[in-house]
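The structure appears below as structure tokens.
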2 protein chains.
Amino acid sequence: MQNSVTLRDVARAGKVSVSTASRALAGGLTSKSTETRLQRIAAELGYRPNTLARGLKTRSTRLVGLVVHNLANASFRVLAEVVQQRLRAEGYQVILCITADNPDQEAETIATLADQRVDGLIICPTGHNGEQLAALDRGGTPVTCVVRRHEAVEMETVLAADPEGAFAGTRYLLELGHRRIGLIVGRQETTSGRERLSGYRRALEEAGIRFNPTLVHAGRYEPETGLAGCRQLLDREDRPTALFVANHESSLGVLRGLAERELLVPDDISLLCYEDMPGFEWQRPALSVVDSGAHAMAELAADRLLLRLRSHAAPPAATAHEYRIGARLIRRQSCRPVVS
Amino acid sequence: MQNSVTLRDVARAGKVSVSTASRALAGGLTSKSTETRLQRIAAELGYRPNTLARGLKTRSTRLVGLVVHNLANASFRVLAEVVQQRLRAEGYQVILCITADNPDQEAETIATLADQRVDGLIICPTGHNGEQLAALDRGGTPVTCVVRRHEAVEMETVLAADPEGAFAGTRYLLELGHRRIGLIVGRQETTSGRERLSGYRRALEEAGIRFNPTLVHAGRYEPETGLAGCRQLLDREDRPTALFVANHESSLGVLRGLAERELLVPDDISLLCYEDMPGFEWQRPALSVVDSGAHAMAELAADRLLLRLRSHAAPPAATAHEYRIGARLIRRQSCRPVVS
DNA sequence: CTATGCTTCGCAAACGTTTGCGGGCGCAAG
DNA sequence: CTTGCGCCCGCAAACGTTTGCGAAGCATAG
């Protein structure tokens with residue numbers, strides 16, 4: 001702040017007007033000689049452009065907002081890392097905001113980001129501030145939803161292929177011979193919760209197995225959910241031979257629940273999780289998972305946003321598209337064929 | 001961006017000058033009547049101040065930068081969450097940047113943040129761009145270092161009490177009767193790596209046990225380090241009876257290494273980790289740890305910065321203080337007395 | 001030699017605020 | 001009724017850029 005060497009100083013040192021200085025540093029707008037000369041002077045003086053003034057004039061800060069529920073969730077973590085890295089490569093800075101899945105906090109966050117005149121927004125929406133977001137998007141600030149769809153309003157969205165992922169996971173277990181497959185899944189108010197349940201159900205039905213609601217436990221994205229679900233499912237007299245934990249926060253609780261019962265994976269019970277968390281690979285036995293592709297999602301979200309940032313021209317709401325990232329089954333060691 | 005209702009519009013609607021509008025919205029600078037009247041008008045029009053223009057004039061964006069190495073590390077995660085929450089409560093937004101512990105990337109990051117005219121900076125330094133940071137601090141943009149100390153230059157810093165933490169952990173194991181304690185620790189180039197080793201060593205020597213360098217394995221903050229160290233230490237003929245993993249990234253690798261050897265914790269070997277990671281509590285057996293107080297560190301860092309942000313007056317470099325957060329031993333189930 | 005075109009640069013306005021300064025007005029005191 | 005004092009408010013400058021417009025310089029073509 002003290003070190004405020006401004007364009008005027010550069011201009012003065014170079015004996016030109018402020019405007020030529022500006023153009024020289026922009027490049028290609030002056031003669032080659034003054035261009036290099038002024039750039040050298042600017043470097044010597046340690047000139048750094050004032051982003052505020054520039055943004056005020058050009059109506060473009062190079063900031064984009066990234067709004068997520070938390071950082072404990074592995075998907076959000078890679079989202080944050082990938083988005084930040086990708087956008088930085090294009091000269092954008094990322095403002096990270098955490099909403100704790102709280103609509104009020106989300107509303108405030110969006111407002112503040114709008115005040116900062118961010119150029120764009122990547123958000124995992126709570127589902128409550130649709131009009132606010134849509135207004136932003138209409139106003140020329142591209143908004144890309146990620147991980148969760150906003151049910152109320154049309155916006156560009158990149159999602160995981162949850163129906164297919166859950167389907168593939170369930171079918172894998174079926175192919176191994178399992179017939180009683182317990183499902184621990186997220187709340188049915190969320191897109192992912194619903195879609196993963198439906199994928200599970202479809203796989204069962206295609207295999208000619210009747211869907212049994214008492215085999216599924218839905219809850220919040222927390223370890224406690226996993227523990228509770230685990231206990232509930234294991235206390236049945238016809239204990240499932242496999243558990244599909246389609247909610248990766250709960251996985252920790254499930255692991256604990258299985259240990260409580262002294263059940264060994266995969267000998268006593270097969271275990272399939274959702275999302276590839278860093279620890280899973282190192283776990284013993286290494287956990288099989290269906291990877292929803294958080295990394296790819298993050299990349300696509302960043303790329304889509306970048307595209308719209310660059311083509312400042314047309315933000316055609318009509319084109320509001322929905323992208324799905326393919327899920328991938330990773331077979332490791334936690335599932336085994338059922339012995340008959 | 002389209003929705004650009006400016007102060008002029010408010011003034012016009014209220015039939016006053018722009019300056020009165022500004023003052024009315026600021027509050028306390030006009031008559032009570034015009035104040036409420038204009039505030040109502042502003043609300044109706046949906047006026048939102050342009051942070052860029054304001055920042056340009058007042059030389060204060062309400063932005064602070066937060067610079068960390070990554071988000072996989074649990075300390076950084078809580079740092080990000082806590083700092084962002086705390087600063088937001090005071091009206092600041094957080095720009096999150098990730099350096100991957102890479103000095104070049106760090107240099108670029110700091111420069112860009114300075115360009116954005118952030119009001120302050122919280123950073124876990126790589127240790128390489130000291131002059132840049134010091135210049136910022138001198139220039140009136142308070143910089144607070146966290147987690148790591150910057151060896152080269154004096155700055156306000158909040159650290160974990162690593163020497164004491166490692167000492168306490170080691171002594172705990174000693175009290176349980178362990179004599180051969182393997183240590184897996186971070187690189188000796190880092191503050192934490194050195195300090196944790198020295199704490200371990202001091203505890204041993206105070207107990208009258210000769211420090212044995214072959215019992216320590218130092219490596220990067222990665223699971224691979226844990227695995228390698230684990231293998232090395234377990235292959236000794238006089239296998240340690242306890243492992244102190246003073247580097248929480250490595251813990252995952254250690255767990256895997258122990259499983260490989262089919263060693264049970266705590267029956268076959270005691271295990272003490274550093275940092276309380278979310279999974280540890282759920283692990284079976286629940287892992288004992290020395291918690292370095294990442295949460296408290298984050299809070300203190302945020303508070304210190306806030307203090308200096310508010311008292312815009314004096315950034316006395318002389319006061320550059322170093323704060324230490326006490327470590328806390330959490331006894332769970334992974335350590336047991338050695339049977340003689 | 002004049003007309004024309006291109007390149008290179010300066011002038012000044014603009015972006016949306018905040019704020020020092022001074023003018024107008026009302027009200028109390030003289 | 002005048003003077004003085006305070007309270008509100010408007011004028012205008014400033015923050016550091018970018019950019020349209022026009023002027024100057026120079027070369028080339030007619």
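In this structure, Lys32(A) places its NZ atom 10 Å from P of dT8(C), rounding to the nearest Å. Nucleotide dG16(D) holds its P atom 16 Å from the CG atom of Asn50(B), rounded to whole Å. Rounded to whole Å, the distance from CG on Leu52(B) to P on dT18(D) is 14 Å. Between Leu7(A) atom CG and dC15(C) atom P there is a gap of 20 Å when expressed in whole angstrom units. To the nearest angstrom, P of dA14(C) lies 9 Å from CZ of Arg8(B). We find that CG of Leu25(A) is positioned 13 Å from P of dT19(D), with the value rounded to whole Å. The interatomic distance linking Arg59(B) (CZ) with dC15(D) (C1') rounds to 7 Å, in whole Å. Distance, Leu56(B) CG to dA13(D) P: 17 Å, rounded to whole Å.
Here dG10(C) is the nucleotide among dT18(C), dG10(C), dC9(C) with the atom lying nearest to any side-chain atom of Val16(A). For Thr58(A), counting side-chain heavy atoms from C-beta on, the closest listed nucleotide (dT18(C), dC11(D), dT18(D)) is dT18(D). When each of dC9(C), dG16(C), dG10(D) is scored by its nearest atom to the side-chain atoms of Arg23(B), the top-ranked nucleotide is dG10(D).
Using a 4.5 Å heavy-atom threshold, the side chains of Ile123(A) and Val143(A) count as touching.
Residue contacts for Thr51(A): at a heavy-atom cut-off of 4.0 Å it reaches no nucleic acid atom on any strand shown.
Side-chain N/O atoms of Thr30(A) include none lying less than 4.0 angstrom from OP1 or OP2 on dT8(C). Contact annotation: Thr20(B) side-chain N/O to dC8(D) OP1/OP2 distance is not under 4.0 Å. Applying the 4.0 Å criterion to OP1 and OP2 of dG16(C), one finds that Arg117(A) has every side-chain N and O outside that range. Within the structure, every side-chain polar atom (N or O) of Thr6(A) is placed at least 4.0 Å from both OP1 and OP2 of dC15(D). Using a 4.0 Å cut-off, no side-chain N or O of Ser19(A) falls inside it from OP1 or OP2 of dT18(D). OP1 or OP2 of dT18(D) lies within a sub-4.0 Å distance of a side-chain N or O belonging to Ser22(A).
Applying the 6.0 Å contact sphere to CD of Gln85(B) captures no more than 12 heavy atoms from other residues, nucleotides or ligands.
Between Ala53(B) and Lys15(B), the residue anchored nearer the 5' end of DNA chain D, judged by the nucleotide with its closest heavy atom, is Lys15(B).
Shortest non-hydrogen contact noted between Val5(B) and Tyr47(B) is O-CD1, 3.2 Å.
A salt bridge links Glu44(B) with Arg40(B); the closest basic N to acidic carboxylate O contact falls under 4.0 Å. At a threshold of 4.0 Å, the pair Asp137(A)-Arg308(A) counts as salt-bridged, since one of the basic side-chain nitrogens sits closer than that to a carboxylate oxygen.
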